[in-house]
Amino acid sequence: MGKKMIEIDVNNRFWVMKKLPEGNDFENALEIKEESKLIIPEGCFATKNKYLSMDAGTRMYMTEREDSYQPPIPIGEKLMGTVLGEVIESNHPEYKKGDVLRSYGQWSDYSLVDPTSMYPSKVDTSNIDLVDYVGVYGANGWTAYVGVINTGRVKAGDTFVVSAAAGCTGLMAGQIAKIAGCKVIGIAGSDEKCNLICNDYGFDGAINYKTENISNKLKDLCPEGVNVYFDNVAGSTLDAVLENMANFGVIAVCGLLENYASKERLPGPYNYDLILMKRLRFEGFFSPDFYHREGEINPILEKWDNEGLLKLPIEITDGLENLVSAYSKLFIGSNTGKVVVKV
Ligand SMILES: NC(=O)c1ccc[n+]([C@@H]2O[C@H](COP(=O)([O-])OP(=O)(O)OC[C@H]3O[C@@H](n4cnc5c(N)ncnc54)[C@H](OP(=O)(O)O)[C@@H]3O)[C@@H](O)[C@H]2O)c1
């Protein structure tokens, strides 16, 4: 071992893929393993993890596709995601033992963090609960903000539609669009979720995509046309919304939930021609591109949070060993708001 490595003894459990998941069968695809040492190269540090953020986008790591914005994680290697934890050993001058950080680490008891791979940030828990740094004050909050304000460029009076509306990102996007003065319609997978987003989160209307025809219901709910669609799912939902876009509307492309489990590339929208007919703007956005804006965006989110305008339920699953049931919620739709594993 080079002399700049630091080796520490830890009992570390970590999750890997033993094979690629078929559809949403994570139970048979993921396994938990153990090791007794961590080797910390120069420029890195180790954290004891407290919370692991469960994110639907990480499903893209579990495919063979090389062309996504982040390459797949090979079979047998530690699965990764955003973690909240405390530095227990450091081989980096700026990160000290005891620092509490949000960083890009492993789905494990302890993470080895390379700060050059994704920006870690020290978090201040004097006014904000630690877990909220992967909720309102983390990548989902910034994604919702940027998607609505910067990519969607909403204006007061706009009609705004969001899919996966009762999930973490969608729930915040809908509330931010309400704050901006929009009429907000959410698309979600059950009547309970539809009632919840209207009754407790201020949405003006909701569509249960599992039981209702999205295109027809949008015609009823917004005959004026949709100005901004915050797209979390792509696929057939996107086609239904395209039919109802207003001229010069915007599709803010956040996620591809209908496609994540597919081995093949899916064809683009059937209604592609409507992009021209309605002079639409399509624009994708990806949270690591605006992590550096944390200092600008978090105070805005904090103000709304303090005013009671931005709420986010957090579902916490206890125990690293129960990670699969927590992660699966995102794909079977049994979560409302943010899903987190407490280590
Ligand atoms: N661009 C970025 O930087 C960025 C950052 C964060 C998140 N995202 C994207 O935001 C979306 C939401 O992610 P999240 O982590 O916040 O998860 P989430 O919304 O909390 O959970 C996912 C929800 O999506 C719905 N869903 C699952 N599969 C679906 C399908 N095939 N069709 C329609 N709805 C489906 C489920 O609710 P139902 O009951 O409604 O089906 C589920 O509760 C994902 O597409 C993710 O990739 C993008």
Side-chain angles (χ1 to χ4, degrees), residues 21 23-24 26 52-63 68-70 81-82 104 118-119 134-136 138-148 150-152 161-176 185-197 201 203 206-212 214 229-241 251-262 266 282-291 293 297 312-317 326-341:
N24 297 332
F26 302 106
L52 310 180
S53 172
M54 296 289 101
D55 292 282
T58 53
R59 180 68 179 81
M60 280 188 274
Y61 298 147
M62 302 179 193
T63 68
S68 94
Y69 48 58
Q70 286 184 352
T82 303
Y104 188 61
M118 196 90 81
Y119 144 92
V134 288
V136 170
N140 299 99
W142 312 330
T143 299
Y145 179 89
V146 168
V148 175
N150 300 129
T151 307
V161 173
V162 57
S163 45
C168 178
T169 309
L171 200 52
M172 286 194 280
Q175 291 173 88
I176 292 170
I185 309 296
I187 303 173
S190 71
D191 289 344
E192 289 77 14
K193 288 186 179 185
C194 289
N195 290 334
L196 184 86
I197 60 177
Y201 293 90
F203 285 51
I207 302 171
N208 178 345
Y209 73 89
K210 291 189 177 158
T211 59
E212 297 181 289
I214 299 173
Y229 173 45
F230 189 112
D231 186 7
N232 279 322
V233 305
S236 57
T237 307
L238 171 59
D239 265 314
V241 180
I251 315 263
V253 182
C254 178
L256 312 164
L257 273 159
E258 275 193 37
N259 294 3
Y260 287 153
S262 163
L266 297 182
F282 259 82
E283 191 174 321
F285 54 100
F286 177 42
S287 53
D289 295 339
F290 39 82
Y291 280 4
R293 292 180 58 194
I297 299 173
L312 181 71
I314 300 194
E315 297 188 6
I316 298 177
T317 296
Y327 188 61
S328 301
K329 286 180 175 189
L330 302 170
F331 303 96
I332 56 177
S334 59
N335 67 305
T336 302
K338 181 71 195 171
V339 180
V340 165
V341 172

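Start at 1 and go down the list; that is how both ligands and their atoms are numbered.
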For this session: Spell out, as yes or no, whether a donor-acceptor pair under 3.5 Å connects the side chain of K193 to the backbone of N335.
Result: yes
Problem set entry | Given N232, V162, V233, V161, the one that forms side chain to side chain contact (heavy atoms under 4.5 Å, CB included) with I187 | V161
Seminar exercise, completed: A student checking ligand 1 against G333 at a 4.0 Å heavy-atom cut-off should list atoms 36 (C), 37 (O), 39 (O), 42 (C), 43 (O)
Problem set entry | Aromatic centroids of F282 and Y229 separated by under 6.0 Å | no
Problem set entry | Min side-chain heavy-atom separation V146-T151 under 4.5 Å | yes
For this session: Among all protein heavy atoms, pick the one closest to atom 45 (O) of ligand 1 and tell me residue, atom and distance.
Result: N232 O, 2.9 Å
Exercise. When you measure from atom 8 (N) of ligand 1 to each heavy atom in G255, C254, G337, which option holds the nearest one?
Worked result: C254
Exercise. Does the pair F331 and F26 meet the rule for a ring pair (Phe, Tyr, Trp, His ring centres under 6.0 Å), with working shown?
Worked result: CA-CA 10 Å; F331 303 96; F26 302 106; 5.3 Å; yes
For this session: Specify the protein heavy atom at minimum distance from atom 42 (C) of ligand 1: its residue, its atom name, and the distance to 0.1 Å.
Result: L330 O, 3.1 Å
For this session: Could you list the atoms of ligand 1 found under 4.0 angstrom from a heavy atom of V233?
Result: 33 (C), 34 (N)
Exercise. Quick one: nearest non-hydrogen protein atom to atom 47 (O) of ligand 1, plus distance?
Worked result: Y260 OH, 2.7 Å
Exercise. Relative to the heavy atoms of A188, which atoms of ligand 1 are at a distance of less than 4.0 Å?
Worked result: 40 (O)
For this session: Just need the protein heavy atom nearest to atom 19 (O) of ligand 1, so name the residue and atom and give the distance.
Result: G167 CA, 3.2 Å
Exercise. Hey, looking at atom 24 (O) of ligand 1, which of L257, N335, T58, L312 has the closest heavy atom?
Worked result: L257
Seminar exercise, completed: Quick look: T169 vs ligand 1, heavy-atom contacts under 4.0 Å, and the answer is both
Problem set entry | Closest protein heavy atom to atom 3 (O) of ligand 1, given as residue, atom name and distance to 0.1 Å | S287 N, 2.7 Å
Exercise. I187 near ligand 1, heavy-atom distance under 4.0 Å?
Worked result: no
Exercise. Between Y327 and R59, is there a donor-acceptor pair closer than 3.5 Å when you use the side chain of the first and the backbone of the second?
Worked result: yes
Exercise. Is it the side chain (CB and beyond), the backbone, both or neither of N140 that lies under 4.0 Å from ligand 1, heavy atoms counted?
Worked result: side chain
Exercise. Can you tell me the protein heavy atom closest to atom 20 (O) of ligand 1 and the distance?
Worked result: C168 N, 2.8 Å
For this session: Quick one: pull up CG in L171 and NZ in K338 and give me the separation to the nearest 0.5 Å.
Result: 12.5 Å
Problem set entry | Subset of ligand 1 atoms that lie under 4.0 Å from at least one heavy atom of D55 | 15 (O)
For this session: Heavy-atom distances under 4.0 Å are what count here, so tell me which part of K193 touches ligand 1: side chain, backbone, both or neither.
Result: side chain
Problem set entry | Per-atom contacts, ligand 1 versus L256 - under 4.0 Å to a heavy atom | 45 (O)
For this session: Please indicate whether any nitrogen or oxygen in A56 is less than 3.5 Å from any nitrogen or oxygen in ligand 1.
Result: yes
Seminar exercise, completed: With sequence neighbours left out, the residues meeting side-chain contact (heavy atoms from CB on, under 4.5 Å) with E212 are I207, N208, K217
Exercise. If you count the atoms of ligand 1 from 1 in the order shown, which ones are under 4.0 Å from a heavy atom of A164?
Worked result: 24 (O)
Seminar exercise, completed: Looking only at protein heavy atoms, what sits closest to atom 4 (C) of ligand 1 is T143 CG2, 3.7 Å
Exercise. Hey, do the aromatic rings of Y145 and F290 have their centres closer than 6.0 Å?
Worked result: no
Exercise. Does Y201 offer a backbone N or O that forms a donor-acceptor pair with the side chain of Q175 under 3.5 Å?
Worked result: no
For this session: Would you tell me which option among F290, Y209, F285, F331 has the nearest heavy-atom contact to atom 1 (N) of ligand 1?
Result: F285
Exercise. Will you find, in the side chains of Y209 and S163, an N or O donor that is under 3.5 Å from an N or O acceptor?
Worked result: no
Problem set entry | atom 40 (O) of ligand 1 [closest protein heavy-atom partner, distance rounded to 0.1 Å] | G189 N, 2.8 Å
Exercise. When rounded to the nearest 0.5 angstrom, what is the spacing between OG1 in T237 and CD1 in I214?
Worked result: 4.0 Å
Problem set entry | Parallel, tilted or perpendicular: ring planes of W142 versus Y291, cut at 30 and 60 degrees | perpendicular
